[in-house]
Amino acid sequence: SFEMPDLIKVLRENDAERVLDIGCGTGEHTIELAKHGFTAFGIERSKLMIEAANKKRESLPKTTQTRIRFICGEYEKLIPALEKEELHAVIVMGNSLSHNPYNYKAVVKKTANILSRKKLMIFQVTNFEKVLKTQKRLLNFSFLKSDYEASPYKEHLFLEYYDPPRDGKTLLKTFTIFDFTGKRWKFYGVRNALFAYLTKEEIAGTLKACGYRKISFYGSSFDGRKWDYLFRKPFKPLESDWLNAVAKR
């Protein structure tokens, strides 16, 4: 992963040996950090994702396994309970912070309160400005041929888009699927999810309110398949796919 070299470099520069990964998903970043000698804790709401993360952990060498812990639950309850672990840094990757539309500030504050030593926080969020203005709200429009021979459908269409922030604080993301029978398209289903509308200014304000004084922002790209380095390019509101932040106290 192109993300890991930059992540590891920043953590080592700040002597951060014990790391909390919020919204760890199936544990990719948590596991990679442990492989590089860090002690890593991954927290996630989804039981299915934590189960998948623990399966990956079980396949690792015992010495690496001892440096990893995955916990399932609500972040606001889990974070204060981790104070005894003497964590040095927090990472919130892949837009996980935006998945907390109403409590992301509380998550950041509780995390800031439990960190020891240098207090380092690293965020990666979708650059919503580009999606809304440059891409005209469209996040993804892609076709996929069916690889299941017995399926009555030959092709699938995936459509993802954001509504503008009507309340100034949240965005509605819509994910829609259509199936092609070979003659016509049929509607399969639609799913909506609410996200926190996190801009560079909003993140900076939230971090400053928690006592962070040194905040750096960077931009990175993602074409749907290939990831980019995290901290090597300036953030460009209408061009960057990701907004990456490094905050220190």
Rounded to the nearest 0.5 Å, what separates atom CG in L87 from atom CG in L115? 6.5 Å
Tell me if the NZ atom of K109 is crowded by more than 12 foreign heavy atoms within 6.0 Å. no
Is the Y188-F178 ring centre distance short of 6.0 angstrom? no
Counting C-beta onward and ignoring hydrogens, is there a side-chain heavy-atom pair between L230 and M93 closer than 4.5 Å? yes
Hey, could you give me the NZ/CD distance between K200 and E129, rounded to the nearest 0.5 Å? 11.5 Å
Pair K233 + D228, salt bridge at N-O below 4.0 Å: yes
Beyond-backbone contact of V19 with H88, side-chain heavy atoms, under 4.5 angstrom: no
Please determine whether the number of non-hydrogen atoms from other residues, nucleotides or ligands lying under 6.0 Å from atom NZ of K47 exceeds 12. no
Would you call D15 and R12 a salt bridge, using N to O less than 4.0 angstrom? no
May I ask you to decide whether K130 forms a salt bridge with E239, counting only side-chain N to carboxylate O separations under 4.0 Å? no
Tell me, please, whether Y75 has R45 positioned over its six-membered ring: NZ or CZ under 6.0 Å from the ring centre and within 45 degrees of its axis? yes
Could you state the interatomic distance from OG1 (T199) to CG (L243), rounded to the nearest 0.5 Å? 8.0 Å
In this structure, is the centre-to-centre distance between the rings of Y229 and F2 below 6.0 Å? yes
E86 CD: over 12 foreign heavy atoms closer than 6.0 Å: no
Honestly, is R69 close enough over F41, meaning NZ or CZ under 6.0 Å from the six-membered ring centre and within 45° of the axis? no
Value for NZ (K119) from SG (C210), rounded to nearest 0.5 Å, stands at 10.5 Å
Under a 4.0 Å N-O cut-off, is there an ion pair linking K169 with E202? no
Separation between CG (N244) and OG (S216), nearest 0.5 Å, reads 11.5 Å
Common cluster, Y104/L194, ILVMFWY with side-chain heavy-atom separation under 4.5 Å: no
Side-chain heavy atoms nearer than 4.5 Å, only ILVMFWY residues, links allowed to pass through others: does that put L159 and I177 together? no
Can you check whether F143 and F141 have ring centres sitting under 6.0 Å from each other? yes
For the pair E51 and K55, find out whether any cationic side-chain nitrogen is under 4.0 Å from an anionic carboxylate oxygen. no
